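Counting starts at 1 for both ligands and their atoms, following the listed order. Atoms considered below: every heavy atom in the structure, side chains included; atoms not considered: hydrogens, waters and symmetry mates. Keep in mind it's a predicted model, so treat the numbers as computed, not measured.
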Amino acid sequence: MNINNWERGVRRVVPYTPGEQPKDINVVKLNTNENPYPPCERVKKILENFDISEMRLYPQPDAGILVNAIAETYGVSRDKIFVGVGSDDVLSMAFLTFFNSEKAVLFPDITYSFYDVWADVYRIPYRTVPLDSDFRINPDDYITENGGIVFPNPNAPTGVLESVEMVEYIVKNNPDSVVIVDEAYIDFAGDGASCLPLIKKYDNLLVVQTFSKSRSMAGVRIGFAMGSEKLIKYMNDVKFSINSYTMNTLSQLCGAEALKDGEYFSKTVNKIVDTREYSKKKLSELGFGMIDSKSNFLFASPNGKSAGEVFEKLREKKIFVRYWDKPVIRDYLRITVGTAEQMDVLFKALKEIL
Ligand code: PMP
């Protein structure tokens with residue numbers, strides 16, 4: 001292809017491919033780890049009562065409404081909280097802020113496929129570290145010179161949860177790097193799974209969470225990070241050098257309100273966890289091999305059958321799951337845990353296909 005001179009200076013990247021968002025509402029959508037339940041009623045009331053003349057005004061640049069609510073819910077002071085437009089925005093800001101050396105940033109070879117995209121777009125050198133044959137992290141692999149560390153816990157797309165002790169071992173032995181733990185799915189992993197308590201002890205640990213999964217608000221786009229005042233200050237300096245008003249007023253209000261209904265939150269999270277455990281049994285009965293997921297999705301292999309073919313056949317039946325034709329994981333499907341009814345539709349279809 002002919003390349004113009006002006007194109008030589010273009011920042012060229014291969015973008016991340018998000019899961020498909022079909023227009024057809026009859027699709028059983030188990031492909032992007034969304035929550036099958038709506039947000040709590042309080043969010044609806046906020047929307048109903050919103051005075052549209054407020055739209056004239058810029059939002060609070062520090063997203064104060066939301067930051068205050070997060071501070072209260074998580075018992076963390078305001079200056080230890082950063083919010084962004086989904087955790088993708090938060091993670092991208094964190095990459096830009098903290099991964100700024102000549103040394104390679106480390107992350108697992110099987111992990112969230114946005115990490116290498118951010119590394120490429122920001123020209124951050126990186127090295128992927130192989131997981132073991134059970135898709136687990138070997139913490140000692142991360143005790144080596146590096147320009148930073150990032151991994152999800154539970155990991156995606158495997159759902160494997162590593163212990164707080166293991167994460168602490170990595171953080172403690174990397175005092176010269178920032179360690180980012182992406183806890184997008186942590187609320188499905190049970191009490192005591194989050195590394196949040198460690199931020200009191202380590203000023204180089206950033207814990208990132210989202211409203212997209214456990215709080216049913218993927219469409220509103222709210223993510224947040226918690227860490228030492230120093231980390232948050234550095235991130236805000238970068239963020240305010242790019243765009244002050246990333247989070248709109250309505251999102252701030254809806255997010256703050258969603259945090260107030262803890263009962264609804266626990267109820268829906270528990271329902272998803274119950275459906276996940278039920279689905280593990282059902283998939284095993286159908287002959288699937290599985291990783292023990294602690295998230296709101298399952299990483300399952302249709303033993304002896306091509307995962308790619310099963311993916312296509314499910315698609316024909318309007319059931320969407322996620323499949324990557326990539327080394328190591330091409331025998332697996334990632335299946336979001338939906339309602340029990342949606343899962344039963346999936347199991348019925350799988351019975352016909354297998
Ligand atoms: N981290 C991980 C591991 C994810 O799977 C996702 C969802 N694609 C995200 C972060 C980003 O989620 P969001 O931007 O919706 O908060």
Side-chain angles (χ1 to χ4, degrees), residues 15-21 29-36 39 63 66 70 81-96 99 105 107-119 121 128 131 135 137 149-162 167 179-189 193-196 206-226 235 239 246-248 251-252 254-255 258-259 272 276 291 293-299 320-324 326 329 332-337:
Y16 171 75
T17 317
E20 195 176 340
Q21 294 297 101
K29 195 170 176 309
L30 306 173
N31 66 334
T32 50
N33 300 340
E34 289 147 327
N35 196 310
L66 183 59
I70 294 172
I81 299 166
F82 176 92
V83 299
V85 185
S87 53
D88 281 340
D89 180 38
V90 175
L91 287 161
S92 141
M93 282 293 133
F95 269 57
L96 186 59
F99 298 162
V105 165
F107 48 85
D109 60 342
I110 308 298
T111 197
Y112 186 30
S113 45
F114 224 136
Y115 296 160
D116 55 355
V117 176
W118 288 316
V121 72
T128 57
L131 295 172
F135 292 112
I137 286 177
I149 293 169
V150 57
F151 53 87
N153 196 37
N155 196 5
T158 63
V160 172
L161 177 76
E162 301 293 357
V167 177
V179 180
I180 302 174
V181 182
D182 175 358
E183 293 193 338
Y185 302 100
I186 200 68
D187 293 324
F188 303 104
S194 174
C195 293
L196 182 60
L206 190 77
V207 174
V208 180
Q209 296 191 7
T210 178
F211 279 50
S212 297
K213 321 291 176 179
S214 56
R215 296 192 188 272
S216 309
M217 293 172 94
V220 184
R221 310 305 297 128
I222 303 175
F224 57 108
M226 294 169 287
M235 277 184 84
K239 177 230 146 91
T246 46
M247 174 143 310
N248 71 70
S251 298
Q252 291 189 43
C254 289
L259 288 172
I272 291 166
R276 178 186 74 203
I291 311 298
S293 168
K294 296 286 184 213
S295 63
N296 69 336
F297 55 83
L298 295 163
F299 202 49
F320 285 21
V321 298
R322 196 99 197 251
Y323 173 69
W324 290 271
K326 283 186 181 169
I329 59 169
Y332 288 84
L333 297 172
R334 193 198 67 187
I335 305 167
T336 302
V337 176

Item to complete: For the residue pair Y112 and Y115, categorise the inter-ring angle as parallel (less than 30°), tilted (30 to 60°) or perpendicular (more than 60°).
Response: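 Y112 and Y115: perpendicular rings.
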Worksheet item: According to the interplanar angle, ranging from 0 to 90°, do the rings of F299 and Y332 count as parallel (below 30°), tilted (30 to 60°) or perpendicular (above 60°)?
Response: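 Judged by the thresholds at 30° and 60°, the geometry between F299 and Y332 is parallel.
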Item to complete: Could you pull out all residues at least two apart from E162 that satisfy salt bridge (charged side-chain N to carboxylate O under 4.0 Å, His left out)?
Response: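 Expected list: R136.
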Worksheet item: For N31, which residues count as a side-chain hydrogen bond (donor to acceptor under 3.5 Å, both in side chains) partner, sequence neighbours excluded?
Response: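 Expected list: K29.
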Worksheet item: Going from CG on L66 to CG on L259, what distance comes out if it is rounded to the nearest 0.5 angstrom?
Response: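 Atom-to-atom, L66:CG and L259:CG are 7.0 Å apart.
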Worksheet item: For F211, what residues pass the ring-ring contact (aromatic ring centres under 6.0 Å, His included) criterion, not counting sequence neighbours?
Response: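 By the ring-ring contact (aromatic ring centres under 6.0 Å, His included) rule, F211 matches F224.
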May I have every N or O pair linking ligand 1 to the protein at under 3.5 Å, one per line with atom names and distance?
unit_1: ligand 1; atom_1: 1 (N); unit_2: D182; atom_2: OD1; d: 3.2
unit_1: ligand 1; atom_1: 1 (N); unit_2: D182; atom_2: OD2; d: 2.7
unit_1: ligand 1; atom_1: 5 (O); unit_2: Y185; atom_2: OH; d: 2.6
unit_1: ligand 1; atom_1: 8 (N); unit_2: Y112; atom_2: OH; d: 3.1
unit_1: ligand 1; atom_1: 12 (O); unit_2: S87; atom_2: OG; d: 3.2
unit_1: ligand 1; atom_1: 14 (O); unit_2: S87; atom_2: N; d: 3.1
unit_1: ligand 1; atom_1: 14 (O); unit_2: D88; atom_2: N; d: 2.9
unit_1: ligand 1; atom_1: 14 (O); unit_2: D88; atom_2: OD2; d: 3.4
unit_1: ligand 1; atom_1: 14 (O); unit_2: R221; atom_2: NH2; d: 2.8
unit_1: ligand 1; atom_1: 15 (O); unit_2: S212; atom_2: OG; d: 2.6
unit_1: ligand 1; atom_1: 15 (O); unit_2: R221; atom_2: NH1; d: 2.8
unit_1: ligand 1; atom_1: 16 (O); unit_2: S87; atom_2: N; d: 2.7
unit_1: ligand 1; atom_1: 16 (O); unit_2: S87; atom_2: OG; d: 2.6
unit_1: ligand 1; atom_1: 16 (O); unit_2: T210; atom_2: OG1; d: 2.6
unit_1: ligand 1; atom_1: 16 (O); unit_2: S212; atom_2: OG; d: 3.3

